[in-house]
2 protein chains.
Amino acid sequence: MNITDLYKGSLEAIVLQLIRQQGEMYGYELTQKAREISGGHLKITEGTLYPLLHKLEAEGTLSSELKPYGNRMRKYYRLTKAGVQEQEKASVSLQEYIGHLQQFLNPKLA
Amino acid sequence: MNITDLYKGSLEAIVLQLIRQQGEMYGYELTQKAREISGGHLKITEGTLYPLLHKLEAEGTLSSELKPYGNRMRKYYRLTKAGVQEQEKASVSLQEYIGHLQQFLNPKLA
DNA sequence: GAACAATGCATCGAATTTCAATGTATTTTG
DNA sequence: CAAAATACATTGAAATTCGATGCATTGTTC
């Protein structure tokens with residue numbers, strides 16, 4: 001069991017959370033920000049991130065816009081209106097989840 | 001995104017944690033305890049739990065003992081010596097993970 | 001006492017998720 | 001100028017997870 005494995009179920013919630021905070025983000029930026037905040041533990045691979053972003057866009061949670069940055073392109077993602085709702089639900093779920101994890105670790109505080 | 005999904009990556013750590021606290025536990029008991037502590041959110045299905053327990057036993061993290069309870073059998077699992085080490089690592093990882101999740105939710109406290 | 005829910009083990013196939021590898025191209029750094 | 005970083009993406013394999021199913025016992029309810 002690797003600490004990296006723990007993040008598996010929470011990746012989507014984290015991505016929505018980061019985009020919400022920053023307003024808009026591009027893929028590579030998400031991988032860097034996630035790594036930074038997690039103290040290096042959450043290394044989102046491309047094979048995980050891009051399919052996830054595409055799925056979220058297909059579902060109508062995210063919208064994207066290509067913007068040139070010098071000679072290369074960045075694909076910026078932001079939350080749609082529906083996405084904001086989704087993110088808010090995800091945020092509540094995350095907080096509950098954290099609370100439950102703490103219960104598991106420290107069942108005395110029942 | 002369902003709150004249940006969040007638990008995916010942390011299932012193994014939670015199972016080890018519960019067995020550590022209780023000394024020994026059988027499969028069905030684990031599903032009930034997990035559900036209870038998570039306020040009903042973590043419903044570990046049999047198709048998930050039993051393969052996981054078997055894997056952990058095959059790896060030498062858990063050992064099992066069949067004990068009769070009335071006319072039916074319960075298969076009790078406990079941590080091996082190696083399993084205790086594993087569990088301690090998992091516990092530390094879980095705490096770090098929780099800390100990181102809180103960072104994602106509340107990045108001000110950097 | 002018959003039916004149904006709960007307890008207790010388990011497997012199986014499908015679906016989903018995730019990783020590692022690979023590909024292309026530009027920009028920055030040593 | 002070569003290597004590392006930036007930036008997009010796909011693909012196939014591996015791992016995980018779910019839902020359905022199966023079997024047997026025990027407890028509850030009508």
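Throughout, a chain's letter reflects where its sequence line sits, starting with A, and its residues are numbered from 1. Values below: all heavy atoms of this structure, side chains included; hydrogens, waters and symmetry mates excluded.
- Ranking D:dT26, D:dC8, C:dC9 by closeness to the A:Tyr26 side chain, first place goes to D:dC8.
- Between the CG atom of A:Leu66 and the C1' atom of D:dA9 there is a distance of 12 Å, given to the nearest Å.
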Indicate every side-chain donor-acceptor pair of residues 74-81 of chain A with a distance under 3.5 Å to a residue at least two apart or in another chain.
| residue | atom | partner | partner atom | Å |
| --- | --- | --- | --- | --- |
| A:Arg74 | NE | A:Tyr26 | OH | 3.4 |
| A:Arg74 | NH1 | A:Tyr76 | OH | 3.3 |
| A:Arg74 | NH2 | A:Tyr26 | OH | 3.0 |
| A:Arg78 | NH2 | A:Glu24 | OE1 | 3.3 |
| A:Thr80 | OG1 | A:Gly60 | O | 2.5 |
| A:Thr80 | OG1 | A:Thr61 | O | 3.2 |
| A:Thr80 | OG1 | A:Ala82 | N | 3.4 |
| A:Thr80 | OG1 | A:Gly83 | N | 2.9 |

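- Distance from the side chain of B:Leu11 is smallest to D:dT17 among D:dC8, C:dC19, D:dT17.
- Where B:Lys8 and A:Asn71 meet DNA chain C, the nucleotide closest to each residue was compared, and B:Lys8 sits on the side nearer the 5' end.
- Residue A:Gly27 is classed as a sugar-phosphate contact, given heavy-atom separations below 4.0 Å to backbone atoms only.
- Here C:dG8 is the nucleotide among C:dG8, C:dA20, C:dT27 with the atom lying nearest to any side-chain atom of B:Arg72.
- One interatomic measurement links the two molecules: OH of A:Tyr7 to C1' of C:dT18, which rounds to 16 Å at whole-angstrom precision.
- Side-chain proximity of A:Tyr50 to the nucleotides D:dA9, D:dT17, C:dA10 is greatest for D:dA9.
- Atom CG in A:Leu30 sits about 9 Å away from atom P in D:dC8, given to the nearest Å.
- Along DNA chain D, the nucleotide nearest to B:Lys43 and the one nearest to A:Tyr69 differ in position, and the one closer to the 5' end is contacted by A:Tyr69.
- Distance check: A:Leu101 CG to A:Ser10 OG gives 9.0 Å after rounding to the nearest 0.5 Å.
- There is a path of hydrophobic side-chain contacts, each under 4.5 Å, that joins A:Phe104 to B:Val84.
- The CD-C1' distance, from B:Glu46 to D:dT17, rounds to 13 Å in whole Å.
- Rounded to a whole Å, the CG atom of B:Leu6 is 12 Å from the P atom of D:dC18.
- Computed from coordinates, the B:Lys55 NZ to D:dA15 C1' distance equals 9 Å when rounded to whole Å.
- Within 6.0 Å of atom NZ in B:Lys67, more than 12 heavy atoms from other residues, nucleotides or ligands are found, so the atom counts as buried in its surroundings.
- Rounded to a whole Å, the CG atom of A:Leu52 is 16 Å from the C1' atom of D:dC8.
- Checking D:dC8, C:dC19, C:dT11 against every side-chain atom of A:Thr45, the shortest atom distance belongs to C:dC19.
- The 5' end of DNA chain C is approached more closely, in terms of each residue's nearest nucleotide, by B:His54 than by the other of A:Ser10 and B:His54.
- Nearest-nucleotide positions on DNA chain D place A:Gln32 closer to the 5' end than the other of A:Leu53 and A:Gln32.
- Among all heavy-atom pairs drawn from B:Arg20 and B:Glu88, the shortest one is NH2-OE2, 3.5 Å.
- Protein atom NE2 of A:His41 is 19 Å distant from nucleotide atom P of C:dT18, rounded to whole Å.
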